[in-house]
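All residue numbers in this chain count up from 1 along the given sequence.
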Amino acid sequence: MEEEVRTGRCVVAVDGPSGSGKSTVSRRLATGLGARYLDTGAMYRAITWAVLRSGVDLADASAVAKVAGETDLRIGTDPRGYAVTADGVNVEVEIRGPEVTAAVSAVAAVPAVRALLVARQRELIAAAGRIVVEGRDIGSVVTPDADLKVYLTASEATRAARRSAEDASDVAVTAADLARRDRLDSTRKADPLTQAPDAVVLDTTELGIDEVVARLRGLLTERGVA
């Protein structure tokens, strides 16, 4: 039986690099709050899948933007399981594959793509009212008025170990790929990966998921929005 979603605005922005624990923490926090959950990274990945399927040159920003604008992207906001579709195709598995992972930073760097998806993300946040949103520019760009902004981080070694455990990949290869994506995402001109000035920084290297979630719940309680 689905847990009832409580009312009352509560927007939590969770930013940080890959492997910092954003997805697991955000989903669990959303469930505990009786809130919705939005994985903005999945949206960029779905558009990347559509771009790759179209065969356009990733370096052609206009062509990439055109594909993004024509793609019927839909994403659920249930923290216990949501569907991601592009043009009616369920792409939940495909968007986590190596091909999409290798190309997503390039697609996400296109300003027109970011403008399109940020607008859609804001619509979903407004419709939910009570939601935990994870990504790379949530607190700084997408919802700067969030009730709580969190920047999750962890050591490079820990992040690589976590991600390689998820997809059964080589740790060294994963570490190199994470470093590449961090560099691209933090140096792009449009909405780079950054820590919002008023975000709470939480290093999850030595913390378990439950402990991280408990700390965030405590911060929300202090703000009177839990």
V56 and L58, any side-chain heavy atoms less than 4.5 Å apart | no
Could you please spell out the steps behind the side-chain contact (heavy atoms from CB on, under 4.5 Å) verdict for L216 and L202?
-> CA-CA 9 Å; L216 299 188; L202 189 54; 4.2 Å; yes
Between R9 and D147, which heavy-atom pair has the shortest distance, and what is it?
-> NH1-OD2, 2.8 Å
So if you build clusters from Ile, Leu, Val, Met, Phe, Trp, Tyr with side-chain heavy-atom gaps below 4.5 Å, do L116 and V113 land together?
-> no
CD (E211) with more than 12 external heavy atoms under 6.0 Å = yes
Common cluster, I138/L220, ILVMFWY with side-chain heavy-atom separation under 4.5 Å = no
R36 side chain to T77 backbone, donor-acceptor under 3.5 Å = yes
Where do C10 and V225 come nearest, in terms of heavy atoms and distance?
-> SG-O, 3.5 Å
Specify the closest pair of heavy atoms between D15 and S140, including all atoms of both residues, with the distance to one decimal.
-> OD2-N, 4.4 Å
Do T204 side-chain atoms and T153 backbone N/O form a donor-acceptor pair below 3.5 Å?
-> yes
Main-chain N/O of G16 paired to S20 side chain as donor or acceptor, under 3.5 Å = no
Does V64 belong to the same Ile/Leu/Val/Met/Phe/Trp/Tyr cluster as I47, with side-chain heavy atoms less than 4.5 Å apart forming each link?
-> yes
Verify the cluster assignment for V14 and L38: are they in a single hydrophobic cluster under the rule of side-chain heavy atoms below 4.5 Å apart?
-> no
Check for a donor-acceptor pair, side chain of D87 on one end and backbone N or O of T71 on the other, with a separation under 3.5 Å.
-> no
Would T85 and V91 satisfy side-chain contact (heavy atoms from CB on, under 4.5 Å), going step by step from the backbone distance to the final call?
-> CA-CA 6 Å; T85 64; V91 294; 5.8 Å; no
CA sep, side-chain torsions, deciding dist, call: L29, Y37, side-chain contact (heavy atoms from CB on, under 4.5 Å) = CA-CA 9 Å; L29 179 62; Y37 160 71; over 6 Å; no
Nearest heavy-atom neighbours spanning Y151 and P17 = OH-CD, 3.8 Å
If you round to the nearest 0.5 Å, how far is CG of D137 from CD of Q195?
-> 14.0 Å
Short question: side chain of R80, backbone of T31 - any donor-acceptor pair under 3.5 Å?
-> no
Do D39 and R96 meet the salt-bridge criterion of a basic N to acidic O distance under 4.0 Å?
-> yes
Joint cluster assignment, V142 & Y44, ILVMFWY side-chain distance < 4.5 Å | yes
Under 3.5 Å: donor-acceptor pair, side chain of K149, backbone of V12 | no
Flag, side chain of T48 to backbone of V100, donor-acceptor distance under 3.5 Å | no
Look only at the side chain of R74 and the backbone of A86, and say whether a donor-acceptor pair between them is shorter than 3.5 Å.
-> no
Please confirm whether the backbone N or O of K22 pairs with a side-chain atom of S26, one donor and one acceptor, at under 3.5 Å?
-> yes
Any chance the side chains of T40 and E134 put a donor and an acceptor closer than 3.5 Å?
-> no
Measure the spacing between CD1 of I209 and OG1 of T24 and express it to the nearest 0.5 Å.
-> 5.0 Å
Derivation of the salt bridge (charged side-chain N to carboxylate O under 4.0 Å, His left out) call for E156 and R159 = CA-CA 5 Å; E156 292 182 3; R159 290 168 51 214; 5.5 Å; no
Can you see which heavy atom on V25 is nearest to which on V213, and at what distance?
-> O-CG2, 4.0 Å
Could you go through the side-chain contact (heavy atoms from CB on, under 4.5 Å) check for L73 and R120 one step at a time?
-> CA-CA 10 Å; L73 172 63; R120 178 58 178 148; 5.8 Å; no
Are the side chains of V141 and R114 in touch, meaning some heavy atoms are under 4.5 Å apart?
-> no
Exam field: side chain R130 to backbone A35, donor-acceptor pair closer than 3.5 Å = no
Any chance CD of E206 has more than 12 other-residue heavy atoms, nucleotides or ligands included, within less than 6.0 Å?
-> no
Any idea which heavy atoms bring E92 and V84 closest together, and the distance?
-> CG-N, 3.5 Å
Which residue, D60, V67, V104, forms the side-chain contact (heavy atoms from CB on, under 4.5 Å) with V51?
-> V67
